[in-house]
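Each remark here refers to the structure printed beneath this line.
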Amino acid sequence: MAKRNDFKVTLLSLGSGSTRLTFEHAFNSLNSAELTLGIVGLGWDWMNESHPGGLLVKLAFKWRVIPSKALDNWLAGFYVKPEFVWAQFRYDNPRVDGGAASKCPESTLQMALLAECGYQIVWNWFVFDVYTGLGPSFGTGNLNNYYHSFMLFPDDGWLAFTAGFRVGVAF
């Protein structure tokens, strides 16, 4: 029986102040869909120390351009995917007023439509997925230029960039 599902975690997100969990289901050996849910604030924000809190949702449809040759695995191979990202969260913006530091709460609502490519390897049950992508973004922006899934280039621009890796289990 072919492995058609996987559950993955984005490890680097834990160090940027959020936890992102992804479920993927393969419809056949060439196509699958992913749903990622993120809890912004469940993690350690070592990048900005801004104490974020909120939600993140990512939706994607994958086309495996070079699928795995293994008949029992529909999840592995080189892929391309369009991905829609929606993030809404609040964060502390440290401000200095007259020499005294204070924390000012800010909120962000940001969306992006990314064109991504990546490679996913499945060894038995273990999944390793590495990816990168670019695309347009719009929303309120924030002073940290980090949206718990992508960054903007330039800081006040509209071009979103993402890259990372995920590990998980296939079943």
Side-chain angles (χ1 to χ4, degrees), residues 2-28 30-64 73-77 79-92 105-122 125-142 144-152 158-171:
K3 288 188 173 57
R4 300 178 81 164
N5 301 295
D6 65 36
F7 184 69
K8 300 175 274 197
V9 63
T10 308
L11 288 179
L12 295 177
S13 70
L14 298 171
S16 63
S18 66
T19 297
R20 294 195 309 258
L21 304 172
T22 301
F23 174 75
E24 179 180 7
H25 174 74
F27 303 111
N28 55 46
L30 298 176
N31 302 306
S32 63
E34 286 183 335
L35 170 65
T36 300
L37 299 175
I39 301 171
V40 178
L42 187 58
W44 178 52
D45 183 13
W46 60 268
M47 290 172 44
N48 300 304
E49 297 183 14
S50 62
H51 306 90
L55 294 172
L56 168 84
V57 177
K58 297 167 66 170
L59 300 167
F61 188 84
K62 278 181 163 178
W63 287 280
R64 263 172 291 293
N73 185 349
W74 287 3
L75 299 166
Y79 64 83
V80 296
K81 68 180 181 180
E83 183 171 65
F84 174 75
V85 182
W86 175 88
Q88 185 171 13
F89 59 94
R90 56 126 191 96
Y91 65 102
D92 291 338
E106 303 276 347
S107 65
T108 293
L109 172 59
Q110 196 76 18
M111 290 168 264
L113 184 57
L114 302 166
E116 296 183 27
C117 64
Y119 190 77
Q120 185 161 281
I121 299 168
V122 180
W125 57 267
F126 179 77
V127 177
F128 181 79
D129 181 11
V130 60
Y131 61 91
T132 188
L134 291 169
S137 178
F138 55 94
T140 59
N142 71 39
N144 294 332
N145 189 29
Y146 184 66
Y147 302 93
H148 296 278
S149 182
F150 60 89
M151 297 178 77
L152 295 180
W158 58 268
L159 184 62
F161 169 75
T162 189
F165 69 93
R166 297 180 280 218
V167 296
V169 296
F171 53 97

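Owing to the predicted nature of the structure, the values given are computational and were not obtained by experimental measurement.
Contact check for Leu11 versus Val167: side-chain heavy atoms found under the 4.5 Å cut-off. Looking only at side-chain heavy atoms (C-beta outward), Leu59 and Glu83 stay at 4.5 Å or farther from each other. Between Ile121 and Val127 there is no side-chain heavy-atom pair separated by less than 4.5 Å. For the pair Asn31/Tyr79, no side-chain contact is recorded, criterion being any heavy-atom separation below 4.5 Å from C-beta on. A 4.5 Å side-chain heavy-atom check between Trp158 and Pro136 finds at least one atom pair inside the cut-off. Residues Thr132 and Phe161 meet the side-chain proximity criterion, which asks for heavy atoms closer than 4.5 Å. Looking at Leu14 and Thr19, their side chains come closer than 4.5 Å, going by heavy atoms from C-beta outward. Using a 4.5 Å heavy-atom cutoff, the side chains of Arg166 and Gln120 are not in contact.
Between the CH2 atom of Trp86 and the CE atom of Met111 there is a distance of 8.5 Å, given to the nearest 0.5 Å. Distance check: Ser107 OG to Arg90 CZ gives 10.5 Å after rounding to the nearest 0.5 Å. Note that OH of Tyr146 is 3.0 Å distant from OG of Ser16, once rounded to the nearest 0.5 Å. If you take CG on Leu30 and CH2 on Trp74, they are separated by 9.5 Å, rounding to the nearest 0.5 Å. Atom CD of residue Gln88 and atom OG1 of residue Thr140 lie 8.5 Å apart, to the nearest 0.5 angstrom. Between Ser18 atom OG and Leu55 atom CG the span is 11.0 Å, to the nearest 0.5 Å.
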Would Leu37 and Val57 count as a side chain to side chain contact (heavy atoms under 4.5 Å, CB included) if you check the C-alpha gap in whole Å, the side-chain angles of each, and the deciding distance to 0.1 Å?
CA-CA 5 Å; Leu37 299 175; Val57 177; 4.0 Å; yes
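Checking Gln110 against Asn142 by side-chain atom types alone, no donor-acceptor pair falls below 3.5 Å. When only modelled atom types and interatomic distance are considered, Asp45 and Ser50 share a side-chain donor-acceptor pair under 3.5 Å.
Nearest heavy atom pair, residue Ala160 against residue Phe150, reads CB-CD1, 3.6 Å. Of all heavy-atom pairs between Pro52 and Gly17, the closest is CG-O, 3.8 Å. Heavy-atom minimum distance, Arg64 versus Asn28: NH2-O, 3.8 Å. The shortest non-hydrogen separation linking Ser149 to Lys58 is OG-NZ, 3.3 Å. Closest approach of Glu24 to Ser32, counting heavy atoms only: OE2-OG, 2.7 Å.
A ring-centre distance under 6.0 Å is found for Phe165 and Phe128. Here Phe61 and Trp63 bring their ring centres to under 6.0 angstrom of each other. Phe89 and His148 have their aromatic ring centers within a separation under 6.0 angstrom.
Salt-bridge annotation for Lys81 and Glu34: present, with a side-chain N of the basic residue lying under 4.0 Å from a carboxylate O of the acidic one.
Screening Asn5, Leu75, Leu35 against His25 for a side-chain contact (heavy atoms from CB on, under 4.5 Å) leaves a single residue, Asn5.
Proximity of a side-chain donor or acceptor of Arg4 to a complementary backbone N or O of Phe27 within less than 3.5 Å is detected. A donor-acceptor pair under 3.5 Å is formed between the side chain of Asn145 and the backbone N or O of Leu152.
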